[in-house]
Amino acid sequence: MIRNWSASAAGAIRGTSAPVTHTLIVLCCLVFLVGPASGLHPAHGAGEELLEAQRACFRRWGVIPADLFEGSPGAVLTPATALFVHGGWVHLLGNMLFLHVFGAMTEARMGRVRFTLCYAGCGYLALLGYAAANADSERSLIGASGAISAVLGAFLFLFPRARVTSLLPFLFFLPVRLPAWVVLPFWAALQWAAAGRAGEGPGVAYLAHLIGFGLGFGCAWVCFGRTTTVKATPAPAPEGENQP
């Protein structure tokens, strides 16, 4: 049976708590603050010593494709640990902004258990897929982007008409309110275009974004595709607003 969700129902979802989303944000921030990437902990030193500590951290907790496919037992866990490691302040804050904006409503709709499994499972597979496409690479891959991209994909399926505010460069960064079915596919298209030009490197894993986005959309379809259609009227927009 198909149920149509009105704007008031979507508003009720927005008003619910999102403990998993908030916990993930706190964990990522804590890991970053105590790690060498933040540059705040004096034990990691400064200058070249700090840079070496950062490289060592990324090698230990990040995904190194060449190690992953050589059969190293410890390397199998790195697609999970890498989800909590970020390379800098911009990397961390950008990811946490997207998770905050889209995570709460997605979690409330999917439920805590399914949301957690979707986030962790799709994030793991997104990094694994990127590693498989760059199997000879010895550079570390870190960050929660693949998992957060999965949240965006799930959000698109669950709330396609929910409006988000976007800053478009060709409109001089003026804020424009557009439905998710416009903003998020456009974001995915940008990732696709960038993936075709990107070289090897942990900071530009656009392929992981695309894999995560597709897996998240598919996860939401498997969970809700045959039973629920979420429909939001153009009136109220989600409280969080996205900058693609």
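Residue numbers start at 1 and run along the sequence shown.
- Here the closest heavy-atom approach between residue P36 and residue C57 is recorded as CG-CB, 3.7 Å.
- Screening residues 57-67 for side chain to side chain donor-acceptor pair (under 3.5 Å), with sequence neighbours left out, gives E52-R59.
- Clustering ILVMFWY residues whenever any of their side-chain heavy atoms sit less than 4.5 angstrom apart, transitively, puts W221 in the very cluster that holds M105.
- Contacts of F213 classified as ring-ring contact (aromatic ring centres under 6.0 Å, His included), with partners at least two apart in sequence or in another chain: W187.
- With sequence neighbours excluded, the residues satisfying side chain to side chain contact (heavy atoms under 4.5 Å, CB included) with H22 are A18.
- Applying the side chain to side chain donor-acceptor pair (under 3.5 Å) test to residues at least two apart or on different chains, the pairs with a partner in residues 142-154 are N95-S145.
- When hydrophobic residues (I, L, V, M, F, W, Y) are linked wherever their side-chain heavy atoms come within less than 4.5 Å, the members clustered with L30 are V26.
- To the nearest 0.5 angstrom, L68 atom CG is 10.0 Å from L77 atom CG.
- Residue R161 comes nearest to W181 through the heavy atom pair CA-CD1, 4.4 Å, listed as atom of the first residue, atom of the second, then distance.
- Residue H86 holds its NE2 atom at 8.5 Å from SG of C29, rounded to the nearest 0.5 Å.
- Taking CZ of R109 as the start and CZ of F115 as the end, the distance is 14.0 Å to the nearest 0.5 Å.
- Among residues two or more places apart in sequence or in another chain, the salt bridge (charged side-chain N to carboxylate O under 4.0 Å, His left out) test is passed with E48 by R55.
- When hydrophobic side chains of Ile, Leu, Val, Met, Phe, Trp and Tyr are connected at separations under 4.5 Å, V90 ends up as a singleton with no cluster partners.
- Here V34 pairs with nothing under the side chain to side chain contact (heavy atoms under 4.5 Å, CB included) rule; sequence neighbours left out.
- For L27, the side chain to side chain contact (heavy atoms under 4.5 Å, CB included) criterion is met by T23, F84, not counting sequence neighbours.
- Considering only heavy atoms from C-beta on, I148 stays 4.5 Å or farther from F102 through its side chain.
- Under the 4.5 Å side-chain heavy-atom criterion for grouping Ile, Leu, Val, Met, Phe, Trp and Tyr, L125 is connected to V222 within one hydrophobic cluster.
- With sequence neighbours left out, the side chain to side chain contact (heavy atoms under 4.5 Å, CB included) criterion links A37 to F32, F58.
- Taken from CE in M96 to CG in L24, the straight-line distance is 8.0 Å, to the nearest 0.5 Å.
- Checking side-chain atoms of S17 against main-chain N and O of P19 turns up no donor-acceptor pair under 3.5 Å.
- Think of L117 as one node in a network of Ile, Leu, Val, Met, Phe, Trp and Tyr side chains linked at under 4.5 Å; its network also takes in V113.
- Using cut-offs of 30° and 60° on the angle between ring planes, the pair F159 and F155 is tilted.
- Residue pairs meeting the salt bridge (Lys or Arg N to Asp or Glu O under 4.0 Å) criterion with at least one member in residues 18-46: none, sequence neighbours excluded.
- The two residues A126 and G212 have their closest heavy-atom pair at CB-N, 3.8 Å.
- A 6.0 Å sphere centred on CZ of R112 holds no more than 12 heavy atoms belonging to other residues, nucleotides or ligands.
- Across all their heavy atoms, A144 and L83 have their closest contact at CB-O, 3.2 Å.
- In the hydrophobic cluster analysis, where Ile, Leu, Val, Met, Phe, Trp and Tyr join through side-chain heavy atoms closer than 4.5 angstrom, L50 is grouped apart from V85.
- Under the 4.5 Å side-chain contact rule for hydrophobic residues, L128 and V76 share a cluster.
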Does the side chain to side chain contact (heavy atoms under 4.5 Å, CB included) test come out yes or no for Y119 and L99, once each step is laid out?
-> CA-CA 10 Å; Y119 181 92; L99 181 56; 4.0 Å; yes

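- Residues R163 and V183 fail the side-chain proximity criterion, which asks for heavy atoms closer than 4.5 Å.
- Side-chain atoms of Y130 and V63, non-hydrogen and from C-beta on, never get closer than 4.5 Å to each other.
- Distance alone, capped at 3.5 Å, places no donor-acceptor pair between the Q191 side chain and the H209 backbone.
- Listed here is the closest heavy atom pair of L207 and A133: CD2-CB, 3.5 Å.
- In this structure, L156 and A180 approach most closely via the heavy-atom pair CD1-O, 3.6 Å.
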Residue pair L141, L127: steps toward the side chain to side chain contact (heavy atoms under 4.5 Å, CB included) verdict | CA-CA 8 Å; L141 175 64; L127 296 183; 3.5 Å; yes

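- Cluster membership check: F217 shares its hydrophobic cluster with V182, using side-chain heavy-atom separations under 4.5 Å among Ile, Leu, Val, Met, Phe, Trp and Tyr.
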